[in-house]
Colleague: 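Can you keep this structure in mind? I'll have questions shortly.
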Amino acid sequence: MSENNIELHITMLGARGVGKTSLLASVYGQFEKRVKDLYLQLTPDLKTSNLLNDKLAELESAVSDQIVTGPTNTGQMQTFSFGIGLPFKKPDFNLIFRDYPGGWIRDKPEEVIAYIRQSDVIFWAVDTAALVENGGRYSESINSIGTITDFFKHALQEMPVEQKKLILLVPIKCEKYMGSFDDIRKLRILIEDKWTGFINLIRTADPNRQRFALAITPVQTLGNVLYAYTDDADTTNPKFVFTRTTKDHPYQPKHVEQVLYYSLAFLVRRYMQIKRGRMGSLAWIIYRFNEFFGYKPDKHFGVAALHLVSLQNQDENQGFKILHGKYLLAPPRR
Amino acid sequence: MQIILIICAVVLVIVFFKKIITLIFSILRIVTFLALLVILFGDVTPSDKIEPSILCLFLIFISSKILNWPQSSDYKIQEKETKPDTQPKPPKRDNSPSQKKPKSPINNIQKFQITVLGGHGVGKTSLLATVYGEFERHLTRGLQLQVNPSYQTRNILNDKLGELESALDSEIVQGINAGEGNKRCYQFNIGLPLQLPAIQLEFNDYPGGWLKDENYSKEVINFLRASTAILWVLDAAALMVRGENEESYSTKINQTLHIKTILNLAFTDLPDNAKKVILLVPIKCETWTTAKKDRLELCVHVENECESVINLLKSADPKGNRFAIAIIPVETLGGVRFDHLQVDANKQPQFIFKRKDEEALYQPRYAEQIFAYGLSFILQRYSEQSNDRKFTEALKKLVERRNTKEAEGFKVLHGKF
């Protein structure tokens, strides 16, 4: 990567074994399948591509009737890199996903705070079953709302004025709570209630709604699984058991691509701002001159951002809601 | 001092001997020509003294014309042949290799690279062996083109073909074992009958395991950049069959997501005049090529699987002048049918094929279409440069032999063939 390349960072926060890597594989797989006429290409590097191919293959070929979530796999920090640009052209900017092990929230808080500080977009993967079931008894220990809110308090201290962040609360495996409008509304209200402290932190830190965007984007990474019961023989390490609703087409993710529509709309806007900010005075004059005569060098990004915003699902009846900073998710001024 | 000068002169004469000879001959030719002009049209009457020398020069002129010697290209051949044989290195990314067609020393032969792309054990070598076994029988008749595999290619592919032919000896049919180790290169020389070949096709067949390794993947990307034709081999069984619980194994077997990335990276910053043909080749499709409904369904599955790449290629080349894409289903064995899917303890799927009946024979179908589509695209590129009428005629005949029936599962998705 050249030094001039702009890099934007995404960090995935969430409990151990909640399914962060699956979320990323699912998101990318759906993006590849569904996105047409975007005029933007998302190309992973070879290592990322291999990893995501394997993860997606695993998701698509999963056969067991029961899925158990709980502390598993990812023992090390994983980095996924994507280049974003026009189709078959050198990427204009790079996107770095960091998937850190859930255990770091306890063991390495400084590093998590550093990642939050550095990242432009933060996915906060919410274990929906832990939040809703058993009266929310395990919510704090698994979703660590208070702890992560404190991390944000630290991370946002002395945050540079020009920096902007998008935080997406992503309830995962929420299939059971997406059945009716009433269920969806209940889940949304519950999230808003449990995250009140966090939402207030963001709102007070950014009263002008210029620096933070916060939204809820519920996703169904598998599609056909429903929460069945909690195996809490070990109360410090409860396991949530999900069963498949139907044997037909076990892998039917829903709304996962929305996570990418929201983040890309924000990131494209952010990239354009950073690029303009980095321009020297002469380059800025030339840019303005070109713009005056109707030629926009990064017009394709403007078009892509418009398209991405049009693809965003903002329907509260389906559980989506922008809680703060709607302006930052709108297409850039043209 | 004089000795050194003499040595230098001798060395120079030895080094540039051939060039000096060529120069002397050229001068002699001009002098002879001028002398003849003077004799024919001038006032000079040839005297007894100049006549023998003029005659001698005239003879040299005539003989050199008849023998067409010395010819500058001869020296090039010898110069090239004296160089030590080095391993061919994969083309560098920045060299826009697709445009720089390497020329072989013999007869200015033009090379075209073809890369066979596909997941591990998907059947890349089986496809090539079948193509090799079938093209001559179905395609070259009346085409006025000679297609000659190199000796090495003939030996290797004959062995593979033998393996394929004996696959139907047992009830449960197994293909060629997935290749390991090094990349293989198969060469086919193409020319007009009784003439030296003008085109060389070089099929690059890399082991499927290479895609798992980052460095090898980069090498595959380089092959793809240098290739005029790309055969993307897909396991039709993995595309069409789902497990007991309706789970899918296509991403696992065909490595679609990763191959898409490899293609995206290979096509990044290609020169504007680079032209490529991408043939999507579902193989092991015997079960789905009998009924029309199945053939159409297979076509839809292939299209869906490769949709994002097709869309990107279309958006990069809306007029279809640079990229051509087509679906060509190939039956590599013929007399087999898909029986069942078996998943082992390590969650590795195995698609079991069985003979259609006891008398089922090795009868591959449509493999020659790979040549018909790929070669017609390559001949088009060649005739753009050479303007050879005979090649254009062969191209026309080749185009006529293409199967374009969508009902049989063939479909041109983009571009002009």
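Residue numbers begin at 1 in each chain, while the letters A, B, ... track the order of the sequences. What you see below is based on every heavy atom in this structure, not just the backbone, and it leaves out hydrogens, waters and symmetry mates. Here the structure is a predicted model, which means the values were calculated and not measured.
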Colleague: Checking side chain to side chain contact (heavy atoms under 4.5 Å, CB included) against Pro44(A), which of Thr261(B), Asn264(B), Leu257(B) comes through?
Modeller: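 Considering Thr261(B), Asn264(B), Leu257(B), a side chain to side chain contact (heavy atoms under 4.5 Å, CB included) with Pro44(A) is found only for Thr261(B).
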
Colleague: Which pair of heavy atoms, one from Lys90(A) and one from Thr268(B), lies closest together, and at what distance?
Modeller: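 Taking every non-hydrogen atom into account, N-CG2, 3.7 Å.
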
Colleague: What part of Leu211(B) gets closer than 4.5 Å to chain A, counting heavy atoms only: side chain, backbone, both or neither?
Modeller: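 For Leu211(B), the contact with chain A is made by the backbone alone.
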
Colleague: To the nearest 0.5 Å, what is the distance between OG on Ser248(B) and CG on Leu59(A)?
Modeller: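 Rounded to the nearest 0.5 Å, the OG-CG separation comes out at 11.5 Å.
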
Colleague: Could Asp213(B) and Lys47(A) be called an ion pair, given the rule that one side-chain N must be under 4.0 Å from one carboxylate O?
Modeller: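 Looking at Asp213(B) and Lys47(A), the cut-off is not met.
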
Colleague: With rounding to the nearest 0.5 angstrom, report the CD to CG distance, Glu214(B) to Leu46(A).
Modeller: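 So the gap between those two atoms works out to 5.5 Å.
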
Colleague: So Gln255(B) and Asn50(A), side-chain contact (heavy atoms from CB on, under 4.5 Å) or not? Walk me through it.
Modeller: CA-CA 9 Å; Gln255(B) 283 179 267; Asn50(A) 243 327; 4.3 Å; yes

Colleague: Report the distance from atom CD of Gln41(A) to atom CZ of Phe267(B), rounding to the nearest 0.5 Å.
Modeller: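 The CD atom of Gln41(A) sits 11.0 Å away from the CZ atom of Phe267(B).
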
Colleague: Answer with side chain, backbone, both or neither: which region of Lys260(B) has an atom nearer than 4.5 Å to a non-hydrogen atom of chain A?
Modeller: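 For Lys260(B), side-chain heavy atoms alone lie under 4.5 Å from chain A.
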
Colleague: How long is the gap from OG on Ser49(A) to CD1 on Ile259(B), to the nearest 0.5 Å?
Modeller: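 CD1 of Ile259(B) is found 9.5 Å from OG of Ser49(A).
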
Colleague: Supply the atom-to-atom distance Leu56(A) CG to His258(B) NE2, rounded to the nearest 0.5 angstrom.
Modeller: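 Those atoms lie 13.5 Å apart.
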
Colleague: Name the residue from Leu312(B), Asp317(B), Asp269(B) that meets the side chain to side chain contact (heavy atoms under 4.5 Å, CB included) definition with Phe88(A).
Modeller: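 Of the listed options, the one satisfying the test is Leu312(B).
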
Colleague: Using non-hydrogen atoms only, which part of Ser315(B) is less than 4.5 Å away from chain A: side chain, backbone, both, or neither?
Modeller: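 When you check distances to chain A, only side chain atoms of Ser315(B) fall under 4.5 Å.
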
